[in-house]
*Asks:* 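Here it is, the structure in full.
Counting starts at 1 for both ligands and their atoms, following the listed order. Worth knowing before you read on, the calculation uses all heavy atoms, side chains too, and leaves out hydrogens, waters and symmetry mates.
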Amino acid sequence: MDDLYREVIIERHKNPQNRGTLDPHDYSFEDENPFCGDHIRVDVRTDSTGKITEAAFSGHGCAISTASADLLIEAIIGRSVEEVKAMTKEDVLDLLGIELGPVRLKCALLPLKVLKAGVYGLDQASDKLVEGDEGN
Ligand code: FES
């Protein structure tokens, strides 16, 4: 089963479906993984009800962070900003479908941290944003 998910990750890294930037956008944020310097930006557009209608990611990352960003963008289209605020690392791990050690976990969670910092309007992305205990 892991092999199937690994293939998905490699394919998403090579041919991401949601790479790009949105200008104008309603939310945008970018930050880097301090361990490697790779960075991800996420742009989001919403409608008048706060539902996400478009989203895209850009930047440079490894296979895991790119695949995670690509899958995450797909997962948030049609969701509300409030639903995005409630997303946790478990949601990202479900999307990726593989077990990850601590170093690769940082890669996988970078896009969600960036996304959540953007929708919360924060100056900085932090691990706390994806732990599921930030007051949801
Ligand atoms: Fe840099 Fe994965 S090695 S984000």
*Asks:* Spell out, as yes or no, whether a donor-acceptor pair under 3.5 Å connects the side chain of Q17 to the backbone of N15.
*Replies:*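 Answer holds: yes.
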*Asks:* Is it the case that the side chain of K116 and the backbone of K85 share a donor-acceptor pair, with hydrogens and angles ignored and the cut-off at 3.5 Å?
*Replies:*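 Yes; judged by distance alone, with no hydrogens or angles, the pair exists.
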*Asks:* Is a side-chain donor or acceptor of N18 paired with a backbone partner of D70 at a separation under 3.5 angstrom?
*Replies:*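 Checked: pair present.
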*Asks:* Which protein N, O or S atoms lie under 2.8 Å from atom 1 (Fe) of ligand 1?
*Replies:*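 Listed by chain and number, the nearby protein N, O or S atoms are C36 SG, D38 OD2.
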*Asks:* Does D26 use its side chain to pair, donor to acceptor, with the backbone of T46 at less than 3.5 Å?
*Replies:*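 Checked: pair present.
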*Asks:* Got a list of side-chain donor-acceptor pairs under 3.5 Å for residues 90-102, not counting sequence neighbours?
*Replies:*
{"residue": "D91", "atom": "OD2", "partner": "T88", "partner atom": "N", "Å": "2.8"}

*Asks:* Using the rule given for side-chain contact (heavy atoms from CB on, under 4.5 Å), can you reason through F29 versus L115, listing the C-alpha separation, both sets of side-chain angles and the distance that settles it, and then say yes or no?
*Replies:* CA-CA 7 Å; F29 195 78; L115 171 64; over 6 Å; no
